[in-house]
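This report refers to the structure that appears directly beneath it.
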Amino acid sequence: MNEHEQPEVEESTEEAINNTDISPEESTVSTKTLIEDDEVINEATADASEAAKPHDAPDTSETPASEAQGEELQAKADSIAEAVQSDEPLLPAHFEPIPEEKLVHAKRKRRTLIVVIVILIIVLLGAAAGSIYYYLNYGQNNAHIAQPSNVIEGDEAAVQDRGTTVTVEMPDLVQMFGKTPDEVVAILGPDYVITKTDIVTDAEGTESSGAEGEASEVSPVVANMVTISYTPQEQTSPVGATQVQNIYLGLDEGGKTVEVYFVSSMNLLDYPISSFADLVATRTSFVGSLASAGATVSTEVEYIAPTEEEYTEYVDPEASVKKIKKETVTMKGTLVSEQAPTKFEITYTYDYGASGVEATPDRQPSQRMLYIKLS
């Protein structure tokens, strides 16, 4: 109900008064009552209209405070629109840009870290390559050879049962020349001792021999051959181990070394296993073994690899099934040196035992020996 409906109410009131059969006094009272009721109705109508308005309808009336808030919101909207249209990123109001010095420092640290990682990778790759090269080429300059006739027989058998799990390097045989046996032992170290001395007397030619420390009945006494054996202070004796190393020094009248005979097990020198045919196929093994002993072979020395029949010794050459007893090859020549030593003799031997083995490709020797003579 609204204000436009009020005349209809008044008209209905008047019609009610006219149509009512009452006295004037009563009509006056009734008229007042109706007018009052009509006012009450009008007030109720106004209240109802006011209550019928939406509660969340915004108040269109503006105040100075609301105008200021509107302007502030409009300003923020305009700034956001400008930021969207520009290339600059939207950042929080409290965001502070990183100083240029910190950015440069961070770039330097990152660059340094990358360089360190690259260097580390290169070092690791180099170490791996070096290990592979060493593994593939180790032992190429070493040899395994047989006993020359000058070596005193019986000495090898006397020490053949002495085994050891320790491996040793090839000693420098060249530096022994011109030194006394005691000086040689001092160079070799505490694991080497003089085990035997062969002596001769004066010019009359009477000979005598004995172990070191024994008194001789003949005077004067001059030693011309001294045996130095490898005798490690700490050793074990694994089953089947026959690792031997002896050094024979030939001395002059002054007791100085003028010849050196070297006898050693290949296992003690930690040489890799290979077939005998591969070992003696070229001069490389011979030259390498002498180089490890401190001697340089002349380029004029020629080497022709022998055939298998030439270097093989059989248990019974006439047997229907031949068994190999030993394989031996010797090379002789001159060294590149103006003073002793100037000559060499080097021999390889694979020993398969007295009973021998059949000539199979995978045959394994019971003993591999290296012999070198320098003079």
Y192: partners by side chain to side chain donor-acceptor pair (under 3.5 Å), with sequence neighbours left out = Q245
Interatomic spacing from CD1 in I324 to OG1 in T312 - rounded to 0.5 Å = 5.0 Å
Below 6.0 angstrom between ring centroids: does that apply to F276 and Y348?
-> no
Heavy-atom nearest pair, G353 first then S366, reads N-OG, 3.7 Å
Which pair of non-hydrogen atoms, one from Y350 and one from P365, has the smallest distance, and what is that distance?
-> CD2-CG, 3.8 Å
Does V258 share a hydrophobic cluster with V184, counting links as ILVMFWY side-chain heavy atoms below 4.5 Å and allowing steps through other members?
-> no
Distance (rounded to the nearest 0.5 Å) between I122 CD1 and L120 CG = 10.0 Å
Show your reasoning for whether side-chain contact (heavy atoms from CB on, under 4.5 Å) applies to Y303 and V280.
-> CA-CA 10 Å; Y303 173 76; V280 301; 3.6 Å; yes
Could you give the distance from OG1 (T112) to CD1 (I117), rounded to the nearest 0.5 Å?
-> 11.0 Å
When you measure from the side chain of T328 to the backbone N and O of Y311, does any donor-acceptor pair fall under 3.5 Å?
-> no
S275 side chain to D278 backbone, donor-acceptor under 3.5 Å = yes
Taking all atoms of both residues into account, what is the closest heavy-atom pair of G255 and P181, and its distance?
-> O-CD, 3.7 Å
Mind checking whether M170 and I187 sit in one hydrophobic cluster, side chains of I, L, V, M, F, W, Y counted as touching below 4.5 Å?
-> no
Any donor-acceptor N or O pair under 3.5 Å, side chains D362, T360 = yes
Could you tell me whether the side chain of T257 and the main chain of E259 form a donor-acceptor pair under 3.5 Å?
-> no
Short question: side chain of K322, backbone of E318 - any donor-acceptor pair under 3.5 Å?
-> no
Assess the side chains of S229 and N246: does a donor N or O sit below 3.5 Å from an acceptor N or O?
-> yes
Check against side-chain contact (heavy atoms from CB on, under 4.5 Å), I372 and L173 | CA-CA 9 Å; I372 296 176; L173 305 181; 4.1 Å; yes
Atom pair CG/NZ of L335 and K343 - distance to nearest 0.5 Å | 10.5 Å
Answer yes or no: is there a side-chain heavy-atom contact under 4.5 Å between L251 and V226?
-> yes
Shortest non-hydrogen contact from V174 toward A295 | CG2-N, 3.8 Å
Under 4.5 Å between any side-chain heavy atoms of D198 and Y248, yes or no?
-> no
Consider only side-chain heavy atoms of I, L, V, M, F, W and Y, link residues closer than 4.5 Å, and tell whether L370 and I273 are in one cluster.
-> yes
Check whether any side-chain heavy atom of V301 sits under 4.5 Å from a side-chain heavy atom of T334, and report yes or no.
-> yes
Audit row: I228, V185, side-chain contact (heavy atoms from CB on, under 4.5 Å) steps and yes/no | CA-CA 8 Å; I228 300 175; V185 170; 3.8 Å; yes
Heavy-atom side-chain contact between P341 and V260 under 4.5 Å | no
Rounded distance (nearest 0.5 Å) linking atom CZ of F262 with atom OG of S289 | 10.0 Å
For the residue pair V168 and L268, establish whether any side-chain heavy-atom pair is separated by less than 4.5 Å.
-> yes
Sub-3.5 Å donor-acceptor pair from the side chain of T342 to the main-chain atoms of V336, do we have one?
-> no
Roughly how far apart are S285 OG and M331 CE, rounded to 0.5 Å?
-> 10.5 Å
State whether the number of non-hydrogen atoms from other residues, nucleotides or ligands found under 6.0 Å of K323 atom NZ is greater than 12.
-> no
How about K109 and L113: do any of their side-chain heavy atoms sit closer than 4.5 Å?
-> no
Would a 4.5 Å heavy-atom cut-off, applied to side chains only, mark I247 and Y230 as touching?
-> no
Side-chain heavy-atom pair Q367, Y352 within 4.5 angstrom cut-off = no
Please step through side-chain contact (heavy atoms from CB on, under 4.5 Å) for the pair V297 and F344, ending with a clear verdict.
-> CA-CA 8 Å; V297 178; F344 73 89; 3.9 Å; yes
Between L374 and F177, what is the shortest heavy-atom contact and its length?
-> O-CZ, 3.4 Å
Should the pair E327-R363 be classified as a salt bridge under the 4.0 Å nitrogen-to-oxygen rule?
-> yes
Applying side-chain hydrogen bond (donor to acceptor under 3.5 Å, both in side chains), run through T282 and T284 and close with a yes or a no.
-> CA-CA 5 Å; T282 64; T284 303; 3.2 Å; yes
Cluster check V116, L124: I/L/V/M/F/W/Y, side chain < 4.5 angstrom = no
Is there a donor-acceptor contact under 3.5 Å linking the side chains of E309 and Y314?
-> yes
Locate the shortest heavy-atom distance separating L188 from M176; write the atom from each residue and the value.
-> CD2-CE, 3.7 Å
